[in-house]
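The structure under discussion appears below in the form of structure tokens.
We count residues from 1, following the sequence as given. Read the numbers this way: they start at 1 and go in the same order the structure lists the ligands and their atoms. Computation of the quantities below employed the complete heavy-atom set of this structure, encompassing side-chain atoms and omitting hydrogens, waters and symmetry-equivalent molecules.
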Amino acid sequence: EALYDKIKFFAKFPQTSVSLRQMVEFGTKPTVGTMFKATQFLREELPVRLAHRVVELENLPYNLSNMASVRRVRDWYAESFTELVDFPRMETPAALKARDRVTVDANGHVVPPPIHRYFTPVDPAAAVPAECEAYNTAFVELIENIKRRHDPTVATVAQGIKELKAQHGLPHIDAQVQNFLDRFYMSRIGIRMLIGQHVALHKLPARDDYVGIICTKTNVAQVAQEAIDNARFICEDHYALFSAPNVQLYCPDDLHFMYVPSHLHHMLFELLKNSLRAVVERYGPDADHFPPVKVVVAEGREDITIKVSDEGGGIARSGMPLIWTYLYTTAPAQPEPETPGSSDFKAPMAGFGYGLPLSRLYARYFGGDLRLISMEGYGTDAYLHLSRLSDSEEPLP
Ligand code: W6P
């Protein structure tokens, strides 16, 4: 039908990645004119990214594309795509200048205008049409609604994967499905980052340590301590413990770098929950002593690395690859929040659900990585590498 043809056309455009540095340089003291350029960029880029996902959702193996849950997610993507391409263009001289017509290269690939057309701050003194502000506000409202619409995506896709597992009785995830999910969730992280950043720049009052949702001085010890407190609380609640295993944090108080604090919190919280769970399950909830979990933070030139070590008995070497799959979960099924407004970052004491593969994607999104090394019979070390060189480009599947 017509909509799908349009989506296929947009999916031919290459996606344009934005570096953390670009996000920060662009978002520092944004003017209405600068925000207008960002609006123009997202008004072009978001439909392209969504279209890529719709096409991929339509072509999944194992009849996944026909599953009710996957179709529901596909419909959200198509709906959001439609709203974005139907959002009116504003034909100001500045907008026309920023939007050179696309060209087609020798291989028939569509070449979009270069990103610096959009990502160059506008001189605060430049004359900006009065309508721009209202236009920006309307666009922010649109993408906020889109972001909210897609909140239940992870839970809904997970439902489809569970059904697939039940139907095929797959012992562990198929590489093709694993690959799709890694790409799909990585793309989702990028889309939600761009929307979250744009909305925050538009709405939040300027602060000298924040550019949108990026904190230029993310204090590692502070975020780590919050993640520790939250994970211990959840652990105590889940196992009805008087006191969760202790977590010792070794981190300079003043160590800071440019990052998205909510991402860092999310990754550490996931790792800590896994470690606490392993320790409590190994020693039993009634044990009168638990070996502490240790968090060591190291500052290198390239990376800040955070090691989370537990003595929870470790994982067999043969079980290690399963840790990163989306089908492998030892935790009992839990009701997922489906209500609009529920946040991305909320999860009770799960096992190796989606926490680890998603945390690794969050790490990789800004050029980092997450690795696990385990000693079966003793414990596990998780290494969270975070890139300090903020010019890593978004990885775009
Ligand atoms: C375990 C299993 C695991 C996964 C991720 C992080 C820490 C741990 N500890 O036993």
Side-chain angles (χ1 to χ4, degrees), residues 154 158 172-173 178 181-182 185 220 223-239 241 244-251 263-285 287 289-298 303-332 334 345-365 368-386:
V154 176
H172 53 264
I173 199 160
Q178 175 73 18
L181 290 171
D182 278 333
Y185 290 131
V220 181
V223 176
Q225 192 57 57
E226 281 167 19
I228 290 167
D229 295 344
N230 292 159
R232 289 189 73 239
F233 180 85
I234 292 283
C235 177
E236 284 162 5
D237 190 61
H238 184 264
Y239 292 105
L241 298 176
N246 276 319
V247 179
Q248 298 168 351
L249 174 61
Y250 301 92
C251 177
H263 289 193
L264 179 57
H265 180 279
H266 177 69
M267 296 182 286
L268 289 173
F269 180 61
E270 283 302 329
L271 293 176
L272 288 160
K273 277 193 306 175
N274 278 307
S275 286
L276 291 172
R277 177 171 178 270
V279 171
V280 173
E281 305 237 321
R282 185 182 187 199
Y283 288 83
H289 175 78
F290 295 117
V293 172
K294 291 177 183 156
V295 179
V296 179
V297 182
D303 281 356
I304 285 175
T305 304
I306 306 176
K307 181 178 69 171
V308 180
S309 302
D310 67 62
E311 293 176 28
I315 310 155
R317 202 147 47 95
S318 64
M320 287 304 284
L322 294 178
I323 290 291
W324 305 108
T325 69
Y326 297 91
L327 276 184
Y328 182 69
T329 173
T330 54
Q334 335 172 13
F345 302 131
K346 204 164 27 184
M349 193 81 190
F352 322 127
Y354 282 21
L356 288 178
L358 288 184
S359 291
R360 188 169 66 175
L361 294 180
Y362 275 103
R364 288 179 175 173
Y365 179 69
D369 207 353
L370 174 59
R371 287 174 204 171
L372 248 64
I373 298 192
S374 199
M375 290 167 75
E376 190 189 9
Y378 179 76
T380 303
D381 291 341
Y383 292 87
L384 178 60
H385 298 276
L386 306 166

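When the heavy atoms of Leu370, Asp310, Ile323, Asn274 are ranked by distance to atom 9 (N) of ligand 1, first place goes to Asp310.
Every heavy atom of Gly312 sits 4.0 Å or more from the atoms of ligand 1.
For Arg282 against Gly312, the heavy-atom pair with the smallest separation is CD-C, 3.5 Å. Counting all heavy atoms, side chain and backbone alike, Tyr250 lies closest to Gln248 at OH-OE1, 3.0 Å.
Between the side chains of Asp369 and Tyr383, not a single donor N or O lies within less than 3.5 Å of an accepting N or O. A donor-acceptor pair shorter than 3.5 Å cannot be found between the side chains of Glu376 and Tyr378.
Counting heavy atoms under 4.0 Å from ligand 1, residue Val308 does not touch it at all.
Close approach of ligand 1 to Leu356 (heavy-atom distance below 4.0 Å) involves ligand atoms 4 (C), 5 (C). Distances below 4.0 Å separate heavy atoms of Leu372 from the following atoms of ligand 1: 4 (C), 5 (C). Contact atoms of ligand 1 toward Ile315: 2 (C) (distance under 4.0 Å to a heavy atom of the residue).
Scored by the salt bridge (Lys or Arg N to Asp or Glu O under 4.0 Å) test, Asp229 finds no partners at all (sequence neighbours excluded).
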